[in-house]
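In each ligand, atom 1 is the first atom listed, and ligand 1 is the first ligand listed. We count residues from 1, following the sequence as given. Fair warning: this is a prediction, and the values are worked out from it, not measured in the lab.
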Amino acid sequence: RYDKRPQRFQYKLVLVGEAGVGKSSLAMQYVRGEFDKDMQTTIGAAFTSKTLHVENALIELQIWDTAGTEKYHSLASMYYRGAHAAIVVYDITQQTTFLRVNSWVRELHRQATPNIAIILAGNKADLEDTRKVSCEDAQAYANDNSITFIETSAKTALNVDDLFSTLAIKLHEEN
Ligand code: GDP
């Protein structure tokens, strides 16, 4: 019927990757539509959330932030527990953050649910002049590991909606 209530789903989404790649900034751009170049390391709340429509369903993404603990190269197990999806973020201007991507992917497979949906995000795509990681290298890694890849900018909002909605659609199709 035309007035059928949409079904509601909740998914836990974790952001992983090296400190400084823009995880908090991506979450803030997506949820609040804001970019703050002086953003302080995560304050307080365990997660922010945003609800989006996929077909006739309402998908609530609960977006967890690392609160800076990624500096220890490993996150608390409660962070991963029950996560349905993950965004692995690197900074296209810092090769070292890309070289660490695979260990974050392995950490996800070790700690989170086995069939977790993963997307790779090459962030700070607005900084083309200082790019160190090519699109081709990242795409090759993604293809080899059957991961979706997208370049984003939390600053200009480039592909930020796409990043989260691609994941929401994936979750909706797989669950
Ligand atoms: P996190 O440690 O991974 O959560 O990274 P933050 O979100 O705290 O961002 C680290 C720094 O990079 C901050 O100074 C941000 O303003 C900056 N930053 C984040 N995303 C972008 C982006 O897409 N473009 C540019 N130019 N700077 C960004």
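Looking at Glu60, its side chain never comes within 3.5 Å of a backbone N or O of Gln10 through a donor-acceptor pair.
Atoms of ligand 1 found under 4.0 Å from any heavy atom of Asp36, numbered from 1 in the order shown, are 16 (O). Atoms of ligand 1 lying under 4.0 Å from any heavy atom of Lys23, numbered from 1 in the order shown and given with element: 1 (P), 2 (O), 3 (O), 4 (O), 5 (O), 7 (O). Residue contact check: Lys155 has heavy atoms under 4.0 Å from atoms 22 (C), 23 (O), 24 (N), 26 (N) of ligand 1. Those atoms of ligand 1 that come under 4.0 Å of a heavy atom in Ser24, given as number and element, are 4 (O), 7 (O). Every atom of ligand 1 is numbered from 1 in the order shown, and the set under 4.0 Å from a heavy atom of Leu127 is 26 (N).
Note on Leu158: it does not cluster hydrophobically with Leu15, by side-chain heavy-atom contacts below 4.5 Å among ILVMFWY residues.
Looking at Lys124, Gln139, Arg131 one by one, the single match for side-chain hydrogen bond (donor to acceptor under 3.5 Å, both in side chains) with Glu151 turns out to be Arg131.
At least one N or O atom of Ala154 sits closer than 3.5 Å to an N or O atom of ligand 1. Looking at Thr152 next to ligand 1, no N or O pair under 3.5 Å apart turns up. Any N or O atom pair closer than 3.5 Å counts here, and Phe35 shares no such pair with ligand 1. Polar contact with ligand 1: absent for Ala125 (N/O pair, distance under 3.5 Å).
Residues Arg8 and Ile59 have side chains not in contact (no heavy-atom distance under 4.5 Å, counting atoms from C-beta outward).
Proximity of Leu15 to ligand 1 is not established, as no heavy-atom distance is less than 4.0 Å.
Relative ring orientation between Tyr90 and Phe149 is described as parallel, the plane-to-plane angle staying below 30° on a 0-90° scale split at 30° and 60°. Classified by interplanar angle (parallel below 30°, tilted 30° to 60°, perpendicular above 60°), the ring pair Trp64/Tyr79 is perpendicular.
Nearest heavy atoms, Thr148 versus Lys170: OG1-NZ, 3.3 Å.
Nearest to atom 7 (O) of ligand 1 by heavy-atom distance, out of Ala19, Ser25, Gly17, Ala121, is Ser25. Counting heavy atoms only, Asp126 comes closest to atom 25 (C) of ligand 1 of the residues Leu26, Val160, Asp126.
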* Evaluation steps, side chain to side chain donor-acceptor pair (under 3.5 Å), between Asn102 and Tyr141 -> CA-CA 9 Å; Asn102 193 49; Tyr141 174 82; 2.7 Å; yes
